Amino acid sequence: MGASQPVSGTRVVTRFAPSPTGFLHIGGARTALFNYLFARHHGGDFRLRIEDTDRARSTEPAIAAILDGMTWLGLDWDGEVVYQFARAGRHAEVANELLAKGHAYRCYATPDELTALREAQRAAKQPMRYDGRWRDHTDFPNDAPYVIRLKAPREGSVTITDLVQGPVTVANAELDDMVLLRSDGTPTYMLAVVVDDHDMGVTHVIRGDDHLNNAFRQLAMIRLLGWPEPFYAHIPLIHGADGAKLSKRHGALGVDAYRDDLGLLPEAVENYLLRLGWGHGDAEIISRAEAVAWFGLDAVGRGPARFDLKKLENTNGHYLRAADDARLVALITPRVEAALGRALTAADGDLLQRSMPELKKRAPNLGDLAAGTLFYLRARPIPMDDGAIKLLASATAGVLTGARERLAGITDWSAATVEEQARALADEFALKLGQVAQPLRAAVTGSSQSPGLFDVMATLGREETLGRIDDVISGQAG
RNA sequence: GGUCCCUUCGUCUAGCGGUCUAGGACGUCGCCCUUUCACGGCGAAAACACGGGUUCGAUUCCCGUAGGGAUCACCA
């Protein structure tokens, strides 16, 4: 495993560090999952840090949504959640330490001045970076506002042996002196991550590809501070089906939307996310235990992967079929009650429980599963859809009344005895079984599509089944 | 534009010099099962971006080209 092994003797510590400016999106969830899996694989710690230093954009609801999403996905973190804003004092302390040691300096350039600099650089087609105009000053205006910038090395280069991307080298001349402390004394993200990762003992920084460029600047700071260097692993971002950066339109929704709107199971989302950009031979359906045992950074793909809702739904269907019936009933109950406009009774719950084995085989998500239960629970006369109306209209005359008669004679009502009578009726009328079953399906379910008719009748019971057929015969249904 | 990264079926991927007439999964199409719809089973079409090298031999290694991506704030 070479490069992905931690230095001997150190305990692996990873962290997920989202900024609470929105919901926990799918890309963030995958980053969290990879951090979680890597830590668990190595028997280390997985920490959670909320990067709320942007006071204007950070919100309480966003923090709640992140914690909720993590919990839903079963990504339990170790220790207390670290709130970055609360550590501003420590960040400033490190900035001042750097300043005292001559590794940082005060910069009095105004925002307008810097904007003008960038404009000039853009016009001259020069790279846009701070030119270090205050880097070697010794005389400072006393009352003017200033920021503290890192005095980054200008010669040589930095090479990061990224656990996913491989060795990446950037010349120091490409990097400018980043701001550590703003003029209002608050820390920038660059300072905060480095200090927090160090203080939290993070050994492996696993994050989105968009941070790869930042890693060089952060490493420069770490070296100036003389702190131990973490391993880096930058995983590619997720793209939409059209190859463009994932946006809301593509399904870059909060994980709560995957749960509530798309009706997905957390284990399905986890499995799908794991396989997006990572593979283990031909394995497709992977349990949490297997994921922990198999996960490694060396198998993470280096190119961005496209998000495919079809495959996610297929994966969800797999887990839905494997899910415990009682759990599914509990999950769909709110949806069913909303559709019915009433609370479910104990008898309804029992009916749902019995219908699950057949119903879950044909639902790709909880919404469809809930919708599929409705015909069982609706009060007579049940509504008929277009397909059902057509079937009834073209049914052989007398089939329904004939079936009604035979079914009414059954004393031990079951899928087997019901089927027996249906087949007998087909023989009697010289019809194919389908010509008898389809009109009956329409009458009993109000649709042309449903689980096995005889199973449905058995689940519904004798009285309800007969009643529904009567409704159609007497013209009350529809 | 500068810098950095990436490139196997439509999509996610396996492949870590010969085992590749390139494997699996989703999707698509066909067949089977069958009272409908699903589930399930079987099968088909479908890819190594291009051009140079290195090598006895490249999907695998190197270099270009093209395409794609990331990033260039007193945001994170």
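No experiment lies behind these values; they were computed from the predicted model shown. Letters A, B, ... mirror the listed sequences (proteins, then strands); counts begin at 1.
Residue contacts shown for A:His211 include a base, since a base heavy atom lies under 4.0 Å away. Counting non-hydrogen atoms under 4.0 angstrom, A:Val147 reaches a base of the nucleic acid. A:Thr53 comes within 4.0 angstrom of sugar-phosphate atoms only, judged by non-hydrogen atoms across all strands, and of no base. The residue A:Asn214 sits close to a base: some heavy atom pair falls under 4.0 Å. Backbone-only engagement by A:Leu237 is indicated by non-hydrogen atom pairs under 4.0 Å involving sugar-phosphate atoms exclusively. Nucleic acid contact class of A:Arg149 (heavy atoms, under 4.0 Å, all strands): sugar-phosphate only. Here A:Ala173 lies out of heavy-atom contact (under 4.0 Å) with every strand. Contacts of A:Arg275 with the nucleic acid, taken as non-hydrogen atoms under 4.0 Å apart, include base atoms. Within 4.0 Å (heavy atoms only), A:Arg118 reaches sugar-phosphate atoms of the nucleic acid but no base atom. When heavy atoms are screened at a 4.0 angstrom cut-off, A:Thr169 is found touching the sugar-phosphate backbone but no base atom.
A side-chain donor-acceptor contact under 3.5 Å links A:Asp177 and A:Tyr105. Remark: the A:Asn35 side chain and the A:His204 side chain contain no N/O donor-acceptor pair separated by less than 3.5 Å. If you check the side chains of A:Thr459 and A:Arg354, you find no donor sitting under 3.5 Å from an acceptor.
Of all nucleotides present, none satisfies the Watson-Crick or G-U wobble test against B:rU36 with each distance under 3.5 Å. Look at B:rA46: it lacks any Watson-Crick or wobble partner with both distances under 3.5 angstrom. Base pairing of B:rU71: its partner is B:rG2, meeting the Watson-Crick or G-U wobble criterion (both donor-acceptor distances under 3.5 Å). Of all nucleotides present, only B:rU7 satisfies the Watson-Crick or G-U wobble test against B:rA66, with each distance under 3.5 Å.
Remark: the A:Arg129 side chain and the B:rC72 base include no donor-acceptor N/O pair separated by less than 3.5 Å. Under 3.5 Å, the side chain of A:Ser450 and the base of B:rC37 form no donor-acceptor pair of N or O atoms. At a cut-off of 3.5 angstrom, the base of B:rA38 holds no donor-acceptor pair with the side chain of A:Lys361.
Taking atom CZ of A:Arg207 as the reference point, atom P of B:rU71 lies 13 Å away to the nearest angstrom. Atom CD in A:Gln165 sits about 16 Å away from atom P in B:rG69, given to the nearest Å. As rounded to whole Å, 15 Å separates atom C1' of B:rC39 from atom CG of A:Asp368. In this structure, A:Asp54 places its CG atom 12 Å from C1' of B:rC74, rounding to the nearest Å. Put simply, CG on A:Asn172 is 13 Å from C1' on B:rU3, counting in whole angstrom units. In this structure, A:Leu359 atom CG and B:rC37 atom P are separated by 16 Å, rounded to whole Å. One atom, CZ of A:Phe23, and another, C1' of B:rA76, lie 16 Å apart when rounded to the nearest Å. Across the protein-nucleic acid pair, A:His239 atom NE2 and B:rU7 atom P stand 13 Å apart, rounded to whole Å.
Within the 4.0 Å cut-off from OP1 or OP2 of B:rU36, not a single side-chain nitrogen or oxygen of A:Ser448 is found. Under 4.0 angstrom from either OP1 or OP2 of B:rG27 there lies at least one side-chain N or O belonging to A:Asn314. Distances shown here put every side-chain N or O of A:Arg306 at or beyond 4.0 Å from the OP1 or OP2 atom of B:rG68.
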Report each atom pair, protein N/O against N/O of nucleotides 32-35 of chain B, whose distance is under 3.5 angstrom.
unit_1 : atom_1 : unit_2   : atom_2 : d
B:rU35 : OP1    : A:Arg423 : NH2    : 3.4
B:rU35 : O2     : A:Arg441 : NH2    : 2.2

A:Asp308 and A:Tyr272: CA distance, side-chain angles, deciding distance, side chain to side chain contact (heavy atoms under 4.5 Å, CB included) verdict: CA-CA 9 Å; A:Asp308 182 1; A:Tyr272 176 74; 3.7 Å; yes
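You'll find the side chain of A:Glu290 stays beyond 4.5 Å of the side chain of A:His280, heavy atoms only. You'll find the side chain of A:Val399 stays beyond 4.5 Å of the side chain of A:Leu440, heavy atoms only. By the 4.5 Å heavy-atom criterion applied to side chains, A:Arg118 and A:Thr115 are counted as neighbours.
Around CG of A:Asp386, the count of heavy atoms belonging to other residues, nucleotides or ligands within 6.0 Å does not exceed 12.
Atom C1' of B:rG15 sits at a distance of 16 Å from the matching atom of B:rA25, rounded to the whole Å. Across the P atoms, B:rU71 and B:rG64 are found 25 Å apart, a figure rounded to whole Å. With both ends at atom C1', the span from B:rU28 to B:rC12 equals 16 Å, rounded to whole Å. The gap from the P atom of B:rC63 to that of B:rG41 amounts to 45 Å, rounded to the nearest Å. Nucleotides B:rC4 and B:rC48 have their C1' atoms positioned 25 Å apart, rounded to a whole Å. Rounded to whole Å, the separation between the P atoms of B:rG23 and B:rG40 comes to 23 Å. To the nearest whole angstrom, the two C1' atoms, one in B:rG52 and one in B:rA47, are 22 Å apart. Atom C1' of B:rU13 sits at a distance of 23 Å from the matching atom of B:rG18, rounded to the whole Å.
The side chain of A:Val170 approaches B:rC4 more closely than any other nucleotide in the set B:rG69, B:rC4, B:rC26. Side-chain proximity of A:Asn213 to B:rA70, B:rA73, B:rA76: nearest is B:rA70. Distance from the side chain of A:Thr188 is smallest to B:rA76 among B:rA25, B:rU11, B:rA76. Closest contact between the side chain of A:Arg362 and the listed nucleotides B:rG23, B:rA38, B:rA76 involves B:rA38. Checking B:rC26, B:rG2, B:rC74 against every side-chain atom of A:Glu174, the shortest atom distance belongs to B:rG2. Side-chain proximity of A:Arg321 to the nucleotides B:rU71, B:rC39, B:rC37 is greatest for B:rC39.
Taking 4.0 Å as the cut-off between side-chain N and carboxylate O, A:Asp199 and A:Arg87 count as a salt-bridged pair. With respect to the salt-bridge test (charged N to carboxylate O, under 4.0 angstrom), the residues A:Asp176 and A:Arg217 qualify. Remark: A:Glu51 does not engage A:Arg207 in a salt bridge, criterion side-chain N to carboxylate O under 4.0 Å.
Not less than 6.0 angstrom separates the ring centroid of A:Phe34 from the ring centroid of A:Phe16.
Map A:Ser19 and A:Leu312 each onto its nearest nucleotide of RNA chain B; the residue landing nearer the 5' end is A:Leu312. For the pair A:Asp210 and A:Glu358, nearest-nucleotide mapping onto RNA chain B gives the more 5' position to A:Glu358.
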